[in-house]
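Protein chains get the first letters and strands the later ones, always in sequence-line order, with residue 1 at the start of each.
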Amino acid sequence: MSAKQAGAAPPRPEPRGEQPELARRVVSGEARAVARLISGLEDGDPAAAAALAALRGSRGRAHVVGVTGPPGSGKSTLCDKMIAELRGRGLRVGILAVDPSSPFSGGAILGDRLRMQRHALDEGVFIRSLASRGRLGGLSRATAAAARALEAAGYDWVIVETVGVGQSEVEIVKMADTVVLVSVPGLGDDIQVIKAGVMEIGDVFVVNKADREGADRVVREIRGMLEMAAGLAWARAEAAHHGPAPGSAAGSVAGPGAGGLPELPLDAEGHPVLPPILKTVAETGEGCAGLVDAVIEHRRRASESGALASRRLEAARAEMRSLIAYRLLDLLEGERGRGVEDSLARAVASGDQDPYSAAEELLAALSKGAIA
Amino acid sequence: MDRKIRILVAKPGLDGHDRGAKVMARAFRDDGMEVVYTGLRQTPEQIVQAAIQEDVDVVAMSILSGAHNHLFPRVTELLAAKGVDDVLVVGGGVIPEDDYEFLKSKGVAAIFGPGTPTKTTIDFIRANLKRK
Amino acid sequence: MSDIESLRKAVEAWKAGVAKSAAKFPERRASFVTGSGAPIESLYTPLSLEGRDLAADLGLPGEYPYTRGVQSTMYRGRLWTMRQYAGFSNAEESNKRYKFLLEQGTTGLSIAFDLPTQIGYDSDHALSQGEVGKVGVAIDSLADMEVLFDGIPLDKVSTSMTINAPAAVLLAMYIAVAEKQGVGADKLNGTIQNDILKEYVARGTYIFPPGPSMRLITDIFAYCSKSVPNWNTISISGYHIREAGSTASQEVAFTLADGIAYVEAAVKAGLGVDDFAPRLSFFFNAHNDLFEEVAKYRAARRIWARLMRERFGAKSPKSWMLRFHTQTGGSTLTAQQPDNNVVRVAIQTLAAVLGGTQSLHTNSRDEALALPTEESVRIALRTQQIVAYESGAAETPDPLAGSYYVESLTNRVEEEALAYLRRIDELGGAVKAIEQGYVQQEIQDAAYRYQMEVEKGERVVVGLNKFQIQEPKPKGLLRVDPSVGEAQVKRLHALKAKRDNAAVKAALADLETAAKGDANLMPPILAAVKAYATEGEICDVLRGVFGEYRPGSTF
């Protein structure tokens, strides 16, 4: 995309400048403009960054909800039903459906939209498929920014759907206000969330396809994990109160999310609060209204307790770091960067230079602006 | 900048023969494109709305039922009505050659019939993108 | 030394000799494979069949396990039914085509419906735009069905209807037309496809989710076993699975897996296996690899017979027999040099006949381009007649039996298919395997592999990637008059104006009540049809109760 198409935007973000044309159209809710802005953000277009800068101030308006779980857990159908439920409540919904890019070709097949396509003609719904283009982790570099764009365009909820295959669930927690972790009976003997070691990120647990055999067992297994975590949280709270007794177990497991278990919030009396575990049948819509309620309830509590504010602070930090990482990669993969990197890489590969000093040299070249 | 070609693969109309559409979707992916697949029974309105939200460079449609002369032009008309003038529209399926001219006059840039190598379609798309 | 040992020695020596000469004169290719990609050895001998019990594996024609065919005399008794799938435009036009086909010597009708009819939409539905009368005939109500069969005595023909999700509605219409002709339902012969599972994986004309769809199917089984005893209540179809890109073994495996699911559903619904299993029929493809295709049919018969007898405890030999219809492979036809397709269809016809099919549709040469013209349809039918009367292939049952190669291929297809069946059982059966996208994924992988082989030239398709020529645009293709849609809509509206709408409303209300409960749905559907409720109205009632199926995506 050329800068001309995106409006008269400066090549770099210009936070105090005039609101670019593209930003104005996004705020007015024009679907094409929102779509174009997201593309620009995905492509690393400076004009898009400028437009996004002009959209600051809308942050915090939308409820950003991450939905993640293993392949085949019915996430897209669940999202489809959540859209219907939210629309029934008069809310506008943006969806970002993230699928992995092929590591071989860099291309991707984005098929999540298929299950939500019946909402295509609803002006209050905006569905966008994103390829992870994952040079760093499982989420697309633009996912957080795209959520901002949808927020600025006036969508009340922004649902980010990702396939839980490891990295992406951990990243989603860094950008979502509420994370819904979807599980399903019959995908294996263990609950998949435990396998992946990502229990700690769930704010709301869903056992989908709950009409299938084994659903109650999955619920019990999740509850067991959460109760173990509750025990730890309790011990932790006690330890903080009394100070760890010498050699006590409590002191040694006080680290956050030890052993892949969630760090649970405490209520006013210091009791750990278990996140809700809901059963849904996305195919029929059963339990989906309750899911929406639970997500709203989570945000209400988090907002009251201050957890939301601190999570957003972490999100901001994570997003900046990710932008820096991508910026560095962009520089390294640029023409001049590649040249410097290539010669250093050759030196390391042939044993003429050690990787540590080569990395230092590369970093120095970057910070001196020798690569830009 | 890291510009990827985004392409919507859709089956308008009611026919369920999606072998070709799915083979093409894979071939596009393997060529480095990002493919948004919308599946069967799509109305022209749904296709156009998806094309806009997904901000695709290309809309590729496949049809084997014979309803192409009705459905393909509906898509190009709706795109034009929405002011979308930078999306390349191509079609495939069982479509008599006699209809190619008519469809081209309606804004369908090319028709790829049975037996077309996937590479031919990919090369055409790469050479004829409206957005650079 | 035993005979087998001396043969082994001789074969080893032969192979050594071949290897030596191959060093000087290499074979055409590094490896040889079947149409489905299975490796082909340099020689087949009795050693290839070592360890198999030929008597138990083959049996005799008309005897368990029916590897050699389901009838003892096969085509010496009666030739297969030559059944040409046809239908387009409106009921009058299709009626004329059927009468033409009957005059040309076809022995059974095969009705093609347009897509709105197949998906339960009336011709005036928004999604029907541009589709009315295109790939088959448009049927909105009993009134259209009366025109479709006007002047065709339904007690004299056997009629196959390619209809799945709304099969119950179209069968009810057929029964009602027969009644008006004075023909009782017990005199009716024919088949409804009624195979919803392959719609989810390969053909795409589904309406309802799997649960209620399976109920409709078992309701039809139960109803017909009492009231329409000679009707084939389902045609479990591998045809479309193959068209979607599967291999021959996958075609057998996924079709039989669907068959198992139907049998299990019917048994679960309380039917006795021998009450409905004799009316189950199958529908396979015929592709170009002659020997592999023959092996495919033989393997399918053997597996099914053993499944029915051993797994389901069927007692009646009729329950063990896999009877099937064949259609030549639409996806094997090329749009390039379309006359070459006549030759392909001839080879495929031979495969179906050597494989012991019960009925056959031969594709017309121009089907990769458009709907077939009358001339093309005639050539297609003549192809069957030449194989029947001139080739000699019909003169003795299972003529390829005992060929080391064909028996080896039969064993191979059987083993591969059984491996798939075990995998599908592990996944919880065909319905679950489909819901999880397993079957779709396997088929799509095979389809993509095939396409890439063609594009790399590893697989030659004459006229397509080798021996191409510059061709003029094909001429004289058949087109459906675009005004057909409007005329059909007018007819529909006229019907709605003149029928007894109160009776329609009452019949639809009864149907809704029945659908919400667990009564057999055939009687209320038949009542609604006779009141001239439209197909769309009937299906809408069922959509309201059952919901609609929405697919996922697999790649």
Side-chain angles (χ1 to χ4, degrees), chain B residues 9 11-30 35-46 62-75 92-102 111-122, chain C residues 88 114-116 118-119 121 126-136 199 202-206 240 243-245 330-331 333-336 367-371 440 443-445 447-448 450-452 454-455 461 463-465 472-475 477-480 482 485 550-555:
Chain B
V9 174
K11 280 202 57 77
L14 297 179
D15 89 82
H17 300 289
D18 56 3
R19 174 180 179 170
K22 286 191 159 170
V23 164
M24 284 315 301
R26 279 198 189 198
F28 292 144
R29 176 196 61 193
D30 291 349
V35 185
V36 180
Y37 186 76
T38 62
L40 304 181
R41 298 190 202 169
Q42 297 292 302
T43 64
E45 288 79 5
Q46 284 176 313
S62 151
I63 199 162
L64 283 83
S65 72
H68 47 270
N69 279 352
H70 180 80
L71 294 169
F72 286 177
R74 271 298 284 160
V75 170
V94 177
I95 296 171
E97 260 182 81
D98 285 348
D99 292 345
Y100 287 14
E101 275 315 305
F102 168 75
I111 300 289
F112 301 101
T116 309
T118 55
K119 193 171 177 309
T120 306
T121 309
I122 289 168
Chain C
F88 58 98
D114 72 357
L115 286 162
Q118 293 187 49
I119 303 175
Y121 295 129
L127 277 169
S128 302
Q129 281 183 45
E131 304 277 12
V132 176
K134 283 276 157 54
V135 301
E199 296 296 331
R203 192 165 172 274
T205 67
Y206 40 73
H240 316 90
E243 286 299 287
S331 64
L333 304 182
T334 61
Q336 297 74 16
E367 284 182 54
L369 302 166
L371 284 169
Q440 297 91 314
I443 296 171
Q444 284 158 26
D445 287 348
Y448 195 58
Y450 176 86
Q451 179 69 25
M452 292 304 121
V454 170
E455 293 192 11
V461 181
L464 181 75
N465 64 357
K473 256 197 318 203
K475 286 204 174 60
L477 298 178
L478 183 72
R479 276 175 182 280
V480 175
R550 280 184 301 130
S553 63
T554 44
F555 283 94

Could you walk me through whether C:Val135 and C:Gln118 pass the side-chain contact (heavy atoms from CB on, under 4.5 Å) test, one step at a time? CA-CA 10 Å; C:Val135 301; C:Gln118 293 187 49; 4.3 Å; yes

With chain C, which of B:Arg19, B:Lys119, B:His70 has the greatest number of heavy-atom pairs at distances under 4.5 Å? B:Arg19

Any donor-acceptor pair under 3.5 Å linking the side chain of C:Glu131 with the backbone of C:Ser128? no

The interface call for C:Ala126 against chain B, heavy-atom contacts under 4.5 Å, is neither

Between B:Asp15 (side chain only) and B:Ile63 (backbone N and O only), is there a donor and an acceptor less than 3.5 Å apart? no

Would you confirm whether C:Asp114, through its side chain, and C:Gly133, through its main-chain N or O, come within 3.5 Å as a donor-acceptor pair? yes

Under 4.5 Å from any heavy atom of chain B - which part of C:Glu455: side chain

Any Lys/Arg nitrogen of B:Arg41 or B:Asp18 sitting under 4.0 Å from an Asp/Glu carboxylate oxygen of the other? no

Greatest number of heavy atom pairs closer than 4.5 Å to chain C - which of B:Ser65, B:Gly115, B:Pro12, B:Gly66: B:Ser65

In terms of heavy-atom proximity below 4.5 Å to chain C, should B:Asp99 be classed as side chain, backbone, both, or neither? both

Please look at B:Thr118 and chain C and tell me whether the side chain, the backbone, both or neither of the residue comes under 4.5 angstrom of a heavy atom of that chain. both

Considering only heavy atoms, which portion of C:Tyr206 lies under 4.5 Å from any heavy atom of chain B: side chain, backbone, both, or neither? both

Is any side-chain N of the basic residue among C:Arg203 and C:Glu243 closer than 4.0 Å to the acidic one's carboxylate O? no

Engaged part of C:Leu464 at the chain B interface, taking heavy atoms whose separation is under 4.5 Å: side chain

Working note: B:Leu40 + B:Lys11, criterion side-chain contact (heavy atoms from CB on, under 4.5 Å); need CA distance, chi angles, decisive distance, verdict. CA-CA 5 Å; B:Leu40 304 181; B:Lys11 280 202 57 77; 3.6 Å; yes

Measure C:Gln336 against the heavy atoms of chain B and call it side chain, backbone, both or neither at under 4.5 Å. side chain

